[in-house]
2 protein chains.
Amino acid sequence: MSAHITNAIRKLRFEHNEMTQQQLADAVDVSRQTIVAIEKGKYSPSLEVAFKIARQFDKSVEEVFFWQQQG
Amino acid sequence: MSAHITNAIRKLRFEHNEMTQQQLADAVDVSRQTIVAIEKGKYSPSLEVAFKIARQFDKSVEEVFFWQQQG
DNA sequence: CAAACATGTCAAATATTTTTGACATCAACT
DNA sequence: AGTTGATGTCAAAAATATTTGACATGTTTG
């Protein structure tokens with residue numbers, strides 16, 4: 001029932017000067033554990049955090065997060 | 001500190017055959033109160049609900065939700 | 001080897017989102 | 001006048017996201 005959301009955060013971090021999880025966390029003002037959890041798909045972020053992460057990489061939300069509908 | 005996110009849900013509901021809050025709620029599988037709260041900007045939704053609402057209107061997340069960065 | 005760093009994980013506490021149920025108002029209709 | 005439907009609000013509970021602090025692992029560097 002719950003939709004699954006994947007993301008390209010890890011890929012984008014490496015493409016952006018090998019940014020570390022801690023650096024991204026600081027840049028978007030969340031904890032490192034939050035970045036880890038989102039990156040690993042443990043849960044999906046709030047829309048606000050999603051916007052912050054996307055903008056950090058100069059991307060749209062949909063270029064970073066991928067939603068696949070369930071049946 | 002908290003970024004503000006506005007949205008075009010009400011406008012889109014009316015553009016889509018005057019869809020009611022209840023119909024939208026049913027379509028994206030949340031309660032009517034959730035639609036009311038998001039529509040009125042009481043809080044911003046999860047990324048998952050944001051995706052569902054956007055797709056309901058055949059829009060991207062960014063065509064429905066507008067994030068304004070804080071200083 | 002030891003120190004530093006990046007990553008992963010866990011558990012408990014806190015914050016935020018979402019649900020449920022109830023009630024109020026207003027407009028449209030019979 | 002009464003009913004129905006759409007919207008708004010409130011409060012408490014439940015679910016989910018986020019934080020904090022701690023610890024473990026592997027890699028790199030002095």
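Lettering follows sequence order; numbering is per chain, from 1.
Of the candidates dA17(D), dT18(C), dG8(C), dG8(C) carries the atom nearest the Glu39(A) side chain, counting heavy atoms from C-beta on. Out of dT7(D), dT9(C), dT18(C), the shortest distance to the side chain of Arg32(A) is found at dT9(C). Taking the side chain of Val30(B) as heavy atoms from C-beta on, and the options dT9(C), dA6(D), dT19(C), the nearest nucleotide is dT19(C). Across dT18(D), dG8(D), dG8(C), the shortest atom-to-atom separation from the side chain of Arg10(A) is found for dG8(C).
Atoms CG (Leu47(B)) and P (dA15(D)) sit 22 Å apart, rounded to a whole Å. Taking atom CD of residue Gln21(B) and atom P of nucleotide dT9(D), one finds them 10 Å apart after rounding to whole Å. The distance from atom CE of Met19(A) to atom P of dC5(C) is 17 Å, rounded to the nearest whole Å. dA6(D) atom P lies 18 Å from atom CD1 of Ile9(B), rounded to whole Å.
At dT17(C), none of the side-chain N or O atoms of Thr34(B) fall inside 4.0 Å of OP1 or OP2 (strictly under the cut-off). Phosphate contact (OP1/OP2 of dT7(D), side-chain N/O of Gln33(B), threshold under 4.0 Å): absent.
Annotation: of the two residues near DNA chain D, Lys40(B) and Gln23(B), the 5′-most nearest-nucleotide partner is Gln23(B). When the nearest nucleotides of DNA chain D are assigned to Ser46(A) and Phe14(B) by heavy-atom distance, the more 5′-ward of the two goes with Phe14(B).
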- Query: After noting the C-alpha distance and the side-chain angles of Asn7(B) and Trp67(B), does the key distance pass the side-chain contact (heavy atoms from CB on, under 4.5 Å) rule?
  - Reply: CA-CA 9 Å; Asn7(B) 67 78; Trp67(B) 178 72; over 6 Å; no

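No donor-acceptor distance shorter than 3.5 angstrom exists from the side chain of Gln56(B) to the backbone of Leu24(B), with no hydrogens or angles considered. Listed for the Arg13(B) side chain is a donor-acceptor partner under 3.5 Å among the backbone atoms of Met19(B).
Counting heavy atoms from C-beta outward, Phe65(A) and Ile38(A) have side chains that approach closer than 4.5 Å.
At the heavy-atom level, Ser31(A) lies under 4.0 Å from base atoms of the strands shown.
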